[in-house]
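Data first, discussion second: the structure below is written as structure tokens.
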Amino acid sequence: ASGYKAWLSYRRLADQPGFESMAEQLSTISVFGSGGKEVLLKTAVAELQLGLQALLGKPILIIQEQEQMQGGIVLGQFHQDGSSGESFGTRYFNESSIKNAGSEGFAIVFSKSDNCLAIGAASPAGLLYGVFHLLRLIAAGETRVQDLNVAQAPANGLRMIDHWDNFDGSVERGYAGRSFLYENNRFLTTESDRMRDYARLLASIGINSLCINNVNVHHEETYFITPRCLPEIARIADILKDYGIKLFLSVNFAAPIELKELDTADPLDSRVADWWKRQTAVVYEAVPDFGGFLVKADSENRPGPFTYDRDHADGANMLADALRPFGGIVIWRCFVYNCKQDWRDRKTDRARAAYDHFQPLDGRFADNVALQIKNGPLDFQVREPVSPLFGGLEKTNQVLEFQIAQEYTGQQRHVCYLVPQWKEVLDFNTFAKGEQAPVKSIASGSFWGNKIGGIAAVSNTGRDGNWTGHLLAQANWYGFGRLAWNPELTAEEIAQEWTTLTFGHDEGVNALIIDMLMNSWRIYESYTAPLGIGWMVNPNHHYGPNVDGYEFSQWGTYHYSDHKGLGVDRTTATGTGYSAQYLGENASIYNSLEQCPDELLLFFHHVPYTHVLHSGKTVIQHIYDTHFHGAEEAGGLLAQWRTLKGRIEDGLYLQVESRLQEQAEHAKEWRDQINTYFHRKSGIPDAQGRRIY
Ligand code: BDP
């Protein structure tokens, strides 16, 4: 086992109690009425057959157009009429199930009268999701299909993964080998089944949108929107379409210049607007169901409207006009800040930047523009507060951006299950418009009634045999999709699903892996940058400790440590005033030294090493303790895993063991660098007298 099949490995179930009667029940698949022509419905039937055959270990027959069948599984769209004139919906489902399934969800119920399991949906996409849901339930051990009665719809309209793959085959912040999409400025996707296998994995967790190129669009990828590349891109789009996934492209804001067609990219210049209209039409001609453009503008040396003294609404709306006739959307990123700031200037605060740039533009964006906002104000650190743009924007479509790629969380060499972190973000109350306004309902668009909403995340996959380098990093990929579908799932539930689907039904094995996953974020945090301060990594590649790596550089990522204390003062009275970007009690809690939660203390406050935390420890003793303990726990993860030897396939066991070995060693390096640094700076000894270098 390599891990390539991931959570779709469909291990044969056989010895489950109730297996025999279930297997007998689920012998055939049929499609109700005259349906069955749509490509997604074909995919759904094929996936159901494939999955059931593997799980049940027997052939499953597909029975064509038998609507009154007895036994088996029947798939249908609610509105479809059978020969009796009765619709599929009324025949099998009650009104509330149909309502709960919405336009993109599904309902599954066992019909006693027809002695069959019915999967229904308003759309073929819903049927595909229903099929994967049923397979997930069965693979996870559900045998009582006769008791099934489920109806659900995704909480988020946009459930998107963003690739940071470059046409040359490299992957920006990729930790799982090179790109499986490109190599050497050529498309790999059409030569292998890998794209299709990928699309299946995505659809099985509900992903419906995919951006296939890096937000940093280099010269070569600028051609993606031209006939030079579009035929190959159309072939990718066709594969994705079979699984209900829309293709998006990152575009270069200065494309008309880069392609040598105009000498300006000014969004208010009509030649530029016309150029984008023409170019967008060319894209849609090749890819009729193209999703739209993803744009990183005026950020980290990327071109944008600022060059022409225009703002980001001008830029985004110009592209939105070009996409509107085709139903396309613009996803415009808010990761905009000055990456050439003077580190001596304590008043410039990178954390403020996204809000300062975008909040004043609230209400100016076209209705087919969505702003894509990173979960935190800085950059995917192990611990950050939630971006105050959530709550700060009232009249703008928003999409939340996570990073599945573990750029700052161990680069898929360390295990760091990010779902607990994402849950905290989704549940964070922004206090928009009063009491209950959690990020999840703002991002989904339900809170303000936005037209577009959802969650996007930077992919952690690559050409490695198991897709993610670290096998346990598959749990983040899986978990992202599941959360984007249903943010109410708990991190434990998702870990439980993933371990069972990946490793099988040994409860002892799964409990241990779940325990490792559930502790891993806290462990990683404890031996790396403390108390919300972030960074302290090696510049450029961002792997491994380097306390001052970014301290005297232009990126705006500082800790301000000296011999007396550390932390960034972001308060209103003496600091950068960032805390005032929050609403309601969040602003006062973060602003207050007494009330600020320990884990974010150094994000908001500059304090002496002797400052006493809510935990009762001083800041310096907290640093020592967490680093000693965290490195020990990293070793503990390895020891835990070693108890699994012989209990899971060697192929899976060994690849994780070697990564955990590296983590255990590397955690000591983190521990020693951080502890030694602060020991020397502060001159304060460890209360427990442990060895600090
Ligand atoms: C940072 C990465 C950088 C990305 C940037 C972004 O270090 O490679 O280009 O984010 O999101 O995390 O645009």
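One-based numbering, in listed order, for ligands and for the atoms of each. No hydrogens, no waters, no symmetry mates; every other heavy atom, side chains included, goes into these values. The structure presented is a predicted model; accordingly, all values stated were derived computationally and were not measured.
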Ranking Lys374, Arg333, Glu407, Glu172 by closest non-hydrogen atom to atom 4 (C) of ligand 1, top hit is Glu172
Protein contact to atom 13 (O) of ligand 1 [nearest heavy atom, distance to 0.1 Å]
Lys296 NZ, 2.6 Å
Near-ring test His470/Tyr175, centroid separation under 6.0 angstrom:
no
Proximal atoms of ligand 1 relative to Trp164 (non-hydrogen, under 4.0 Å)
4 (C), 5 (C), 6 (C), 10 (O), 11 (O)
Using a 4.0 Å heavy-atom cut-off, say whether Val458 meets ligand 1 through its side chain, its backbone, both or neither.
neither
Could you list which atoms of ligand 1 come closer than 4.0 Å to a heavy atom of Asn216?
9 (O)
Considering only residues two or more places apart or on different chains, which pairs with a residue in residues 386-403 satisfy side chain to side chain donor-acceptor pair (under 3.5 Å)?
Arg333-Glu401, Asp362-Thr396, Gln372-Glu401, Gln403-Glu407
Can you say whether the rings of Phe552 and Trp343 are parallel (under 30°), tilted (30 to 60°) or perpendicular (over 60°)?
perpendicular
Does any donor atom in the side chain of Asp269 or Tyr308 lie under 3.5 Å from an acceptor atom in the other side chain?
no
Once you measure the plane-to-plane angle for Trp467 and Phe180, does it fall in the parallel (<30°), tilted (30-60°) or perpendicular (>60°) bin?
perpendicular
Going by the atom numbers of ligand 1, which of them fall below 4.0 Å from some non-hydrogen atom of His542?
7 (O)
Closest protein heavy atom to atom 1 (C) of ligand 1, given as residue, atom name and distance to 0.1 Å:
Asp379 OD2, 3.0 Å
Parallel, tilted or perpendicular for Trp535 and His542, by the 30°/60° rule?
perpendicular
Using a 4.0 Å cut-off to any heavy atom of Phe335, which atoms of ligand 1 qualify?
5 (C), 6 (C), 10 (O), 11 (O), 13 (O)
When the ring planes of Phe306 and His312 are compared, do they come out parallel, tilted or perpendicular, using 30° and 60° as the limits?
tilted
Could an N or O of ligand 1 be found under 3.5 Å from any N or O of Arg173, whether backbone or side chain?
yes
